[in-house]
Visitor: 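Here it is, the structure, as structure tokens.
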Amino acid sequence: MRIRVQRAIEEAFREAVADGVFPDIPIPASHQVVFPKQEAFGDFASNLGLVLASRARRSPRDLANYLAQRLGANPLFDKVEVAGPGFLNLSIASIWWQKNLYTMWEAGDSYGNSDVGSGRRVQVEFVSANPTGPLHVGHGRGAAVGDSLARVLKAAGFDIEKEYYINDVGNQMKTLGSSVYLRYLEHFGREVAFPENYYQGDYIRDIALDIASKEGDRYLDVPLESCLNFFIDTAVKSISYGIHKDLREFGVHFDNWFSEKILHESGLLDRTISELQDKGYIYEENGALWFRTSDLGDEKDRVVRRSNGIFTYFASDIAYHRHKLERGYDLLVDIWGADHHGYVPRVKAAIKAQGYPEDRLRVLLVQLVNLMEGGRPAAMSTRAGEFVTLREVLDDVGRDAARFMFLTRRCDSHLDFDLELAKSQSQENPVYYVQYAHARISSVFRKAKDEGISPAEPSHIDVSLLSTPEEINLLKQLDLFPRLVADSALALEPYRISYYLTELAGQLHAYYNRHRFVSSDPDLTQARLLLAEVTRRVLRKGLGLLGVSAPERL
RNA sequence: GGGCGAUUAGCUCAGUUGGAUAGAGCGUUGGCCUCCGAAGCCAAAGGUCGGGCGUUCGAAUCGCCCAUCGCCCA
């Protein structure tokens with residue numbers, strides 16, 4: 001609708017130019033058609049008079065008055081006013097909102113989709129937790145954000161791939177294997193000193209136990225060096241299985257699982273570093289290889305290969321991003337924990353050094369999750385290895401509540417996740433507020449069916465009967481949906497969907513309390529059922545973008 | 001010590017990218033079920049947008065300085 005308003009204003013402007021009243025200049029870029037905060041100011045407001053004033057050497061109000069006269073003749077508007085210093089306040093005639101309902105209906109389940117992405121390829125990489133332990137709540141938030149973002153981008157016409165990067169190389173793998181090995185020895189009654197920096201969690205014992213029951217004591221007297229790989233492989237397999245399972249139940253699916261090992265085994269890592277060396281980005285100091293990231297926006301240079309000949313994680317990340325870039329995506333989105341924010345400049349530096357524009361990569365930082373219980377910090381042991389897992393949260397509050405909670409805040413703000421609140425099927429829980437609106441509409445249709453009413457063909461329905469303020473409000477809110485999805489995709493901010501849905505649900509509830517969908521007036525009932533159906537679809541679609549279900553009953 | 005981010009109602013947070021009188025939810029207070037689900041609705045109270053200076057027709061939003069908190073790096 002905003003686009004139509006914009007066109008109408010531009011047309012009026014051109015007419016004014018043709019009349020010689022306005023100077024023949026292009027409309028300044030600072031011209032905006034906005035939604036006014038106050039309802040009394042109409043549906044849209046334009047600042048054209050204000051931004052034109054200095055060039056036209058006339059007062060803003062004069063210019064606005066002239067435009068208002070022209071626009072007043074346009075049937076799109078039923079009221080055009082000049083206000084304040086020279087704003088144009090425009091009210092859309094109800095019939096345009098009402099007729100819009102046909103368009104929304106015809107779009108069916110694709111209502112809300114757009115083509116602002118025009119098929120550009122975007123890769124979203126998220127979670128990417130090391131296979132050294134189960135996913136915890138923080139990963140859950142990253143998973144919800146990444147998956148929902150992918151859904152939103154897809155709806156906005158982008159071509160999406162979701163990827164999980166597996167750090168399955170390096171010291172942590174040795175630590176993992178050794179941890180399991182020690183627990184294995186322990187199981188058979190050996191005295192072991194379990195180092196503090198080893199993985200402490202109970203899942204390590206479980207894996208050791210599993211090995212003991214399958215393989216017996218055959219590794220009991222084998223020195224660690226000769227069986228480490230076996231313990232690593234077994235542990236990684238077991239933990240990865242758990243990660244897959246948790247993600248599946250969380251409703252998150254990845255297109256690719258990319259193993260860091262491949263970077264080493266394929267030689268891409270060596271090749272990438274030596275090419276950077278050829279380009280002069282690498283120098284040697286104290287036996288280590290350094291990357292001149294400080295020339296490319298980072299605050300200092302970074303080590304890519306230590307003096308002991310081992311590549312750093314940063315080196316792997318350079319090669320990994322090169323691999324991604326060469327796959328030809330138009331945009332890479334990385335979703336990281338906010339504690340990695342210091343990492344952004346160096347990865348961007350690596351991208352520039354390889355000849356790509358740095359904005360080819362966008363990094364979303366997901367802040368920590370504070371677990372709460374009834375308003376107080378959840379009792380969590382700070383002992384190493386004990387943390388709340390995604391699995392526990394899933395079992396405790398369920399998928400819908402968890403996903404919605406993770407998406408009610410912008411991702412770079414701290415999130416207080418209250419387990420009791422998420423569990424409570426009550427008014428305080430925003431998930432139910434939205435799902436309830438959907439269930440209520442479904443209940444209306446059940447009622448209609450009981451009364452023997454079946455929805456008519458939209459073309460036979462008189463939408464002009466939808467004239468109460470609540471109905472017009474609902475129609476306006478529904479009209480915003482495709483634009484909202486598009487904006488939320490472009491800004492990479494899926495949380496906007498949850499705000500929108502809460503608002504829409506609120507309007508539905510307000511309407512529901514005031515008016516009856518099914519009444520003794522058959523024409524009015526048909527019109528309202530059409531409105532109800534479109535609202536229901538938007539709720540369902542929006543919840544779907546968040547990965548939350550839209551039940552017919554709660 | 002340097003860097004990044006935050007600071008908006010008692011609490012948790014939005015604020016459509018510079019617009020008019022600052023917005024929700026929770027909590028508090030008071031009302032609404034003979035009728036499609038009260039898991040809901042309506043109303044009231046609650047604010048120096050951390051502080052200061054600047055940019056301009058106009059600032060919660062942009063710039064600089066300061067304060068407090070969080071994270072990262074030595």
Side-chain angles (χ1 to χ4, degrees), chain A residues 2 30 32-42 44-47 49-51 53-54 59-61 81 83-89 297-300 302 336-346 363 365 367-368 370 372 375-376 405 408-418 421 424-451 453 470 480 483-484 486-488 490-491 493 495-496 498-500 502-503 505-520 525 528-529 532 551-554:
Chain A
R2 194 206 317 231
S30 52
Q32 283 181 328
V33 177
V34 300
F35 306 106
K37 283 181 188 170
Q38 304 273 324
E39 262 181 60
F41 296 149
F44 295 94
S46 158
N47 62 352
L50 290 165
V51 300
S54 60
S59 88
R61 281 198 72 104
E81 288 178 335
F87 287 103
L88 271 175
N89 290 339
D298 199 7
E299 57 183 274
K300 60 177 195 178
R302 308 289 174 179
W336 298 349
D339 51 343
H340 291 88
H341 69 82
Y343 222 75
V344 178
R346 77 189 73 164
V363 181
L365 298 171
Q367 267 294 354
L368 298 174
N370 292 320
M372 313 283 280
R376 292 189 313 278
M405 290 297 228
T408 50
R409 299 265 180 285
R410 52 186 312 139
C411 66
D412 57 355
S413 77
H414 288 268
L415 174 70
D416 289 331
F417 189 105
D418 197 308
L421 195 146
S424 71
Q425 307 205 349
S426 80
Q427 53 214 11
E428 301 156 39
N429 193 335
V431 193
Y432 290 98
Y433 188 76
V434 177
Q435 287 185 325
Y436 182 43
H438 184 269
R440 257 187 159 170
I441 297 175
S442 302
S443 156
V444 165
F445 279 97
R446 287 194 290 271
K447 164 79 175 175
K449 199 177 172 189
D450 287 349
E451 308 257 319
I453 301 166
E470 289 82 8
L480 284 177
R483 170 79 188 219
L484 174 95
D487 283 351
S488 139
L490 293 172
E493 290 179 344
Y495 78 93
R496 291 192 195 186
S498 66
Y499 273 92
Y500 171 85
T502 307
E503 181 75 22
Q507 288 179 9
L508 187 275
H509 289 312
Y511 178 53
Y512 183 94
N513 269 272
R514 201 155 177 145
H515 305 284
R516 292 187 58 78
F517 284 95
V518 180
S519 67
S520 53
T525 299
R528 288 182 169 176
L529 285 179
E552 310 248 314
R553 302 169 198 266
L554 291 182

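Throughout, protein chains are lettered first and strands after them, A, B, ... in sequence-line order, and every chain is numbered starting at 1.
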Visitor: Could you work out which one of C41(B), G3(B), C35(B) sits closest to the side chain of N513(A)?
Guide: C41(B)
Visitor: Say you pick atom C1' in A6(B) and the same atom in A20(B); how far apart are they, in whole Å?
Guide: 29 Å
Visitor: So what does the secondary structure string of RNA chain B come out as, 5' to 3', with Watson-Crick or wobble pairs under 3.5 angstrom, [ ] for crossing and | for pairs with another strand?
Guide: (((((((..((((.....[...)))).(((((.......))))).....(((((..]....)))))))))))).
Visitor: Within a strict 4.5 Å, meaning less than it, do heavy atoms of the V363(A) and W336(A) side chains meet?
Guide: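 They are in contact (side-chain heavy atoms under 4.5 Å apart), so the answer is yes.
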Visitor: For the pair made of CZ in R514(A) and P in A43(B), what is the distance, rounded to whole Å?
Guide: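 It works out to 9 Å between those atoms.
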Visitor: Pick the nucleotide of RNA chain B nearest each of A505(A) and T502(A); which residue has the one closer to the 5' end?
Guide: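 Checking each residue's closest nucleotide, the 5'-ward one belongs to T502(A).
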Visitor: Please report, rounded to the nearest Å, how far the C1' atom of U16(B) is from the CG atom of D487(A).
Guide: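 Rounded to the whole Å, the gap is 7 Å.
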Visitor: Choosing from A14(B), A39(B), C71(B), which nucleotide comes nearest the side chain of D339(A)?
Guide: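 Given the options A14(B), A39(B), C71(B), the side chain of D339(A) is closest to C71(B).
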Visitor: Give one of base, sugar-phosphate or nothing for H515(A), where a contact means two heavy atoms less than 4.0 Å apart.
Guide: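 Base, at least one base heavy atom under 4.0 Å.
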Visitor: Rounded to whole angstrom units, what separation is found between the NE2 atom of H509(A) and the P atom of A24(B)?
Guide: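 Computing the H509(A):NE2 to A24(B):P distance gives 16 Å.
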Visitor: Please report the distance, rounded to the nearest Å, between CG in D298(A) and C1' in G3(B).
Guide: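 One finds 10 Å between C1' of G3(B) and CG of D298(A), rounded.
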Visitor: Rounded to whole Å, please give me the gap between CE in M405(A) and C1' in U12(B).
Guide: 10 Å
Visitor: Quick one: the side chain of H341(A) and the base of C71(B), do they pair up donor-acceptor inside 3.5 Å?
Guide: yes
Visitor: Looking at every strand, decide which applies to R483(A) at a 4.0 Å heavy-atom threshold: base, sugar-phosphate, or nothing.
Guide: nothing
Visitor: Take the protein atom CD of E299(A) and the nucleotide atom P of C4(B), then report the distance between them rounded to whole Å.
Guide: 9 Å
Visitor: Kindly indicate whether the side chain of L529(A), heavy atoms from C-beta on, has any atom under 4.5 Å from the side chain of I453(A).
Guide: yes
Visitor: When you compare G10(B) with G46(B), how far apart are their C1' atoms, in angstrom units rounded to a whole number?
Guide: 8 Å
Visitor: So what does Y495(A) touch, heavy atoms closer than 4.0 Å: a base, only the sugar-phosphate, or nothing?
Guide: sugar-phosphate
Visitor: With sequence neighbours excluded, tell me which residues meet ring pair (Phe, Tyr, Trp, His ring centres under 6.0 Å) with F44(A).
Guide: F35(A)
Visitor: Under 4.0 Å: is that the gap between some side-chain N or O of Y433(A) and OP1 or OP2 of C26(B)?
Guide: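 Checking Y433(A) against C26(B): no side-chain N or O falls below 4.0 Å of OP1 or OP2.
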Visitor: Quick one: L480(A) CG to A14(B) P, roughly how many Å, whole number?
Guide: 20 Å
Visitor: Is it the case that the side chains of T525(A) and S519(A) hold a donor-acceptor pair, with the cut-off being a distance below 3.5 Å and no angle test?
Guide: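 A donor-acceptor contact under 3.5 Å links the two side chains.
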Visitor: If you measure only the distance, is there a donor-acceptor pair under 3.5 Å linking the side chains of R410(A) and Y499(A)?
Guide: no
Visitor: With syn defined as a glycosidic torsion within 90 degrees of 0 and anti otherwise, which applies to C65(B)?
Guide: anti
Visitor: Please report the distance separating the C1' of C66(B) from the corresponding atom of U7(B), rounded so that it comes out in whole Å.
Guide: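 These two C1' atoms come out 14 Å apart once rounded.
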Visitor: Under 4.0 Å between any heavy atoms, over every strand shown, what does Y343(A) touch: base, sugar-phosphate, or nothing? Just pick one.
Guide: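 No contact.
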Visitor: Given C36(B), C42(B), A74(B), identify the nucleotide with an atom nearest to the side chain of A510(A).
Guide: C42(B)
Visitor: With Y512(A), which residues qualify under side chain to side chain contact (heavy atoms under 4.5 Å, CB included), at least two apart?
Guide: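 With sequence neighbours excluded, Y512(A) shows a side chain to side chain contact (heavy atoms under 4.5 Å, CB included) to R440(A), V444(A), F517(A), given in chain and number order.
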Visitor: Quick one: on RNA chain B, does A448(A) or R409(A) contact a more 5' nucleotide (nearest heavy atom)?
Guide: R409(A)
Visitor: Go through G15(B), A39(B), C36(B) for me and flag the one nearest to the Y432(A) side chain.
Guide: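 The nucleotide sitting nearest to the side chain is A39(B).
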Visitor: Base, sugar-phosphate or nothing for R553(A)? Non-hydrogen atoms, less than 4.0 Å.
Guide: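 Answer is base: heavy atoms of R553(A) come under 4.0 Å of a base.
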Visitor: Using atom P in both nucleotides, what's the gap between A9(B) and G25(B) to the nearest angstrom?
Guide: 16 Å
Visitor: Roughly how far apart, to the nearest Å, are G50(B) and C36(B) at atom P?
Guide: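 Per the computed distance, 47 Å lies between those P atoms.
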Visitor: Please classify the nucleic acid contact of A45(A) as base, sugar-phosphate, or nothing, using heavy-atom distances under 4.0 Å.
Guide: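 Here A45(A) touches the bases of the nucleic acid.
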Visitor: Take atom C1' in G27(B) and the same atom in C53(B), then report the distance between them in whole Å.
Guide: 38 Å
Visitor: Dump the intermediate steps for salt bridge (Lys or Arg N to Asp or Glu O under 4.0 Å) on D298(A) and R302(A), then the final yes or no.
Guide: CA-CA 9 Å; D298(A) 199 7; R302(A) 308 289 174 179; 2.8 Å; yes
Visitor: Could you walk me through whether F445(A) and E552(A) pass side-chain contact (heavy atoms from CB on, under 4.5 Å), step by step?
Guide: CA-CA 10 Å; F445(A) 279 97; E552(A) 310 248 314; over 6 Å; no
Visitor: Under 6.0 Å from the NE2 atom of H515(A), do we count more than 12 heavy atoms belonging to anything else shown?
Guide: yes
Visitor: When you compare G18(B) with C13(B), how far apart are their C1' atoms, in angstrom units rounded to a whole number?
Guide: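 The same atom, C1', in both gives a distance of 23 Å.
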Visitor: Side chain of Y436(A) only, heavy atoms from C-beta on: which candidate in G3(B), U17(B), A39(B) is closest?
Guide: A39(B)
Visitor: Using a cut-off of 4.0 Å on non-hydrogen atoms, how would the nucleic acid contact of Y499(A) be classed: base, sugar-phosphate, or nothing?
Guide: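 Result for Y499(A) = sugar-phosphate.
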Visitor: Quick one: which of U17(B), A20(B), A38(B) gets closest to the side chain of N89(A)?
Guide: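 The closest nucleotide is A20(B).
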Visitor: Could you state the CD-P distance from Q367(A) to C71(B), rounded to the nearest angstrom?
Guide: 9 Å
Visitor: May I ask you to test the Q507(A)-E470(A) pair for a side-chain heavy-atom distance under 4.5 Å?
Guide: no
Visitor: Can you check the distance between G23(B) and A60(B), where both ends of the measurement are the C1' atom (answer in whole Å)?
Guide: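 Pairwise C1' distance, G23(B) against A60(B), rounds to 12 Å.
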Visitor: Need the glycosidic conformation of U34(B): syn if within 90° of 0, anti if not. Which one?
Guide: anti
Visitor: Got R409(A) and Q367(A) here, is their nearest side-chain heavy-atom distance under 4.5 Å?
Guide: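 Result no, sub-4.5 Å side-chain heavy-atom pair not found.
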Visitor: Starting the side chain at C-beta, find the nucleotide from U17(B), G40(B), C36(B) nearest to F517(A).
Guide: C36(B)
Visitor: Measuring to OP1 and OP2 of C36(B), would you say a side-chain N or O of R528(A) lies under 4.0 angstrom away?
Guide: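 For C36(B), neither OP1 nor OP2 has a side-chain N or O of R528(A) closer than 4.0 Å.
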Visitor: May I ask you to say what R440(A) touches in the nucleic acid, namely base, sugar-phosphate or nothing, with a heavy-atom cut-off under 4.0 Å?
Guide: sugar-phosphate
